[in-house]
Amino acid sequence: MESAEQTTQTQQDSQRLRTARIQKLTDLVDKGINPYPYKFVRTAVAQELQDKYAELESGIETEDTYSVAGRIMAIRNSGMFMDLMDTTGKIQIFCHKEFIGEEPFKTLKLVDVGDIIGITGTIRRTPRGELSLKATSYQILSKSLLPLPEKFHGLTDVETRYRQRYVDLIVNSDTRDTLRKRSLIIQEIRTFLMERGYLEVETPMLQTLAGGAAARPFETHHNALDIPMFMRIAPELHLKRLMVGGLNDKVFELNRNFRNEGIDTRHNPEFTMLELYEAYSDYNDMMDLIENMIARVCNNVLGSTKVNFQGTELDFTPPWERMTMLGAVKKYTGIDFAEHLDEVDAAKKAKEIGVETEQGDNWGKVIDKVFEEKVEPHLIQPVHIIDYPRDISPLAKAHRDNPRLTERFESRVNGWEISNAFSELTDPIDQRGRFEGQAKAKADGDEEAHPIDEDYITALEYGLAPCGGLGVGIDRLVMLLTDSPTIRDVIAFPTMKPKGHKADKE
RNA sequence: GCGCUUGUAGCUCAGCUGGUAGAGCACUCCCCUUUUAAGGGAUAGGUCGCGCGUUCGAAUCGCGCCAAGCGUACCA
């Protein structure tokens, strides 16, 4: 009943084309053919045949019989030639009535571009050099009711590509390549960590307190408990609870975070993050780890640690350059903020070079703003920016040589933050002080200041071993490694605003 | 959030300064049949994102709304 309405809706969109295919569907059923059968036994895939018969000469026929299946992407000469695409590649189907018989040949008229079919036949290479399967029989495996985008120009409309990713995937090999690479990259990361004794864990995505980062969370409500709940903005505090418990000396979680913020070419409301923690390590070890991890991913997925991104070669070969944050700022602005320790003084220096700060900004925040505006754009090649101000690093351990700083680094590539790591703050007294500082900032209007998590402090009071921690933005990493200019290209189903309805405001 | 740009046939696009739409491919039918964006012929297909306004007349001009892209803001 509901589906009948939907059908009517769809028919309005592409009425004629769909109606024609519905007619064919009916004709098939009349012939006793099920257009949606249950199973087809394949004996080969396209690329396998292309490789195996790469040396077969033009015009040569073999007796070798195979069954393949896939989607018809093109039909030529009224069905005599069809391009069959499966997930591995393409192979041409040669369909001649002499070899498949009168009746099946007639039925071929009911087959369209877009249909999924199974073919059995023998391998030959046509005189024109195209490897083909000479069909002796075929079976419709799924009748397609909607037309595919035009074969030559394909589908370029970005909105349709994101909203109807299934069509994009059928038609655009780039999209398939990128999303397959994404999967391989993640798989390599897992393997790398497993080999080093890491334990993969899962922590709550639905939380009563959204901590571990500074960001606006998505809010929801648990009906049975009648309490507000939040989608996590980071798994950090739960992972460190597991470290306190000694579940394993090395743990990681590779999964989704949610932040209720703007959407642009580098931000999607839900995004994938790797976070890992290693006991008895510090941030120096984390720098080595991420360099080795990414180098391995590059080598195993792309075959090189030198990667082209939008015309620039990025060299991920370890070791990466390391610069202190204050040193980087001094290098690109000439200002040494170690000599301007007062926030008012620091803000004055920032203003001299055109960086606007706000009234309540502390020393660290001022430096951070200067860094973002004046330094970040220069950081194209992989680099670790180390020793962030304490004011802006509430979860990082104070620097062993300078109490105003922390042992924290961010890895930057192409100007983007791709990782954030610390020698984790393990001192519960210090941690409470940091949280209280954040609470004050929140009271002063900083919506993204970190909330106080009492239970987390309790956990720290039981004792957390010295510990290095690392977070890696997987989507951005995948962008860099797949030459994708926007995050939406590396996420199969990026967040889109629904079409056609005005926002129903209650 | 703000600014700029875009939205026309299933797809890719044209339609200049207002005269109520056009191409290629796809679809349907016919011819041809070892093709590679096959070829030849014929037909059909459109609430021009949505709404309001200006006008004798709006795809075209104005305003509002919806969606998208880019930039900007936000995002330690």
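Proteins get letters first, then strands, A, B, ... in listed order; numbering begins at 1 in each.
- Within the 4.0 angstrom heavy-atom criterion, base atoms lie near Asp264(A).
- Counting any heavy atom pair closer than 4.0 Å across all strands shown, Thr156(A) reaches sugar-phosphate atoms only and no base atom.
- Side-chain nitrogen and oxygen atoms of Ser393(A) include none within less than 4.0 Å of the OP1 or OP2 phosphate oxygen of A76(B).
- With rounding to the nearest 0.5 angstrom, the OG atom of Ser419(A) is 10.5 Å from the CE atom of Met286(A).
- Separating the C1' atom of A76(B) from that of G7(B) is a span of 38 Å, rounded to the nearest Å.
- Taking atom CG on Asp368(A) and atom C1' on A76(B), their separation rounds to 5 Å, with Å as the unit.
- Ranking U12(B), A76(B), G10(B) by closeness to the His153(A) side chain, first place goes to U12(B).
- For Asn362(A), there are no side-chain hydrogen bond (donor to acceptor under 3.5 Å, both in side chains) partners two or more places apart in sequence or in a different chain.
- Within the structure, every side-chain polar atom (N or O) of Lys151(A) is placed at least 4.0 Å from both OP1 and OP2 of C11(B).
- Between A37(B), G69(B), C70(B), one nucleotide has an atom nearer to the side chain of Phe152(A) than all others, and that is A37(B).
- Side chain of Met80(A), nearest nucleotide from A76(B), U33(B), G69(B): U33(B).
- Distances shown here put every side-chain N or O of Lys109(A) at or beyond 4.0 Å from the OP1 or OP2 atom of U28(B).
- Atom C1' of nucleotide G40(B) and atom CZ of Arg76(A) are separated by 18 Å, given to the nearest angstrom.
- Looking at heavy-atom distances under 4.0 Å, Gly364(A) makes no contact with the nucleic acid at all.
- Separation of the P atoms belonging to G51(B) and U43(B) is 33 Å when rounded to the nearest angstrom.
- Glu372(A) comes within contact range of the sugar-phosphate backbone alone, with a heavy-atom separation under 4.0 Å but no base atom that close.
- For Ser78(A), the listed nucleotide lying nearest its side chain is U33(B); candidates were U34(B), U33(B), G69(B).
- Across all strands, Pro394(A) comes closer than 4.0 Å to base atoms (heavy-atom distances).
- Atom CG in Asp489(A) sits roughly 14 Å away from atom C1' in C70(B) (whole-Å rounding).
- Sequence order on RNA chain B of the closest nucleotides to Val113(A) and Gly154(A) puts Gly154(A) first from the 5' end.
- Geometrically, Arg408(A) engages Tyr388(A) in a cation-pi contact, judged by NZ or CZ lying under 6.0 Å from the ring centre and within 45° of the ring axis.
- Ala214(A) comes within contact range of at least one nucleobase, with a heavy-atom separation under 4.0 Å.
- Annotation: G24(B) and C65(B) have their P atoms spaced 40 Å apart (nearest Å).
- Distance from the side chain of Arg124(A) is smallest for U34(B) among the nucleotides U34(B), U12(B), G69(B).
- With both ends at atom P, the span from G39(B) to C27(B) equals 12 Å, rounded to whole Å.
- For the strand RNA chain B, secondary-structure stems (runs of at least three Watson-Crick or G-U pairs, all distances below 3.5 Å) span B:1-7 with B:66-72, B:10-13 with B:22-25, B:28-31 with B:39-42, B:49-53 with B:61-65.
- Residue contacts for Phe94(A): at a heavy-atom cut-off of 4.0 Å it reaches a base atom on one of the strands shown.
- Partners of Glu61(A) by side-chain hydrogen bond (donor to acceptor under 3.5 Å, both in side chains), not counting sequence neighbours, listed by chain and number: Arg124(A), Lys134(A).
- One C1' atom belongs to U20(B), the other to U55(B), and the distance between them is 14 Å to the nearest Å.
- The only option from Asp430(A), Leu405(A), Asn402(A), Leu425(A) that meets the side chain to side chain contact (heavy atoms under 4.5 Å, CB included) definition with Arg390(A) turns out to be Asp430(A).
- Listed pair Arg488(A) / G69(B) meets the phosphate criterion, a side-chain N or O lying under 4.0 Å from OP1 or OP2.
- Lys134(A) comes within 4.0 angstrom of nothing in the nucleic acid, heavy atoms only.
- Between Phe218(A) and Phe230(A), the distance separating the two ring centers is not shorter than 6.0 angstrom.
- Across the P atoms, A21(B) and U36(B) are found 38 Å apart, a figure rounded to whole Å.
- The interatomic distance linking Asp115(A) (CG) with A26(B) (C1') rounds to 14 Å, in whole Å.
- Backbone-only contact: Glu159(A) has heavy atoms under 4.0 Å from sugar-phosphate atoms and none from a base.
- A gap of 11 Å separates the C1' atoms of U60(B) and G19(B), to the nearest Å.
- Residue Arg161(A) contributes atom CZ, which lies 20 Å from atom P of G10(B) at whole-angstrom precision.
- Ile457(A) places a side-chain heavy atom less than 4.5 Å from the side chain of Phe435(A).
- As rounded to whole Å, 11 Å separates atom C1' of A68(B) from atom NZ of Lys497(A).
- Once rounded to the nearest 0.5 Å, the distance linking CG of Leu155(A) with CZ of Arg161(A) reads 7.0 Å.
- Taking atom CD1 of residue Ile75(A) and atom P of nucleotide U33(B), one finds them 19 Å apart after rounding to whole Å.
- Here Glu261(A) lies in heavy-atom contact (under 4.0 Å) with sugar-phosphate atoms only.
- Ring to ring, Phe409(A) and Trp320(A) are not that close: their centroids are 6.0 angstrom or more apart.
- The side chain of Thr265(A) approaches G71(B) more closely than any other nucleotide in the set G71(B), A73(B), A76(B).
- Residue contacts for Asn77(A): at a heavy-atom cut-off of 4.0 Å it reaches a base atom on one of the strands shown.
- Straight-line distance from the CZ atom of Arg163(A) to the C1' atom of G69(B): 12 Å, rounded to whole Å.
- How far CZ of Phe371(A) is from CG of Leu379(A): 5.0 Å, rounded to the nearest 0.5 Å.
- Taking only side-chain atoms of Arg16(A), from C-beta outward, the nucleotide of A73(B), G10(B), A76(B) with the closest atom is G10(B).
- A distance of 14.5 Å separates CG in Leu131(A) from NZ in Lys90(A), rounded to the nearest 0.5 Å.
- Rounded to the nearest Å, the gap between the C1' atom of C32(B) and that of A38(B) is 11 Å.
- Nearest-nucleotide positions on RNA chain B place Asp157(A) closer to the 5' end than the other of Ala20(A) and Asp157(A).
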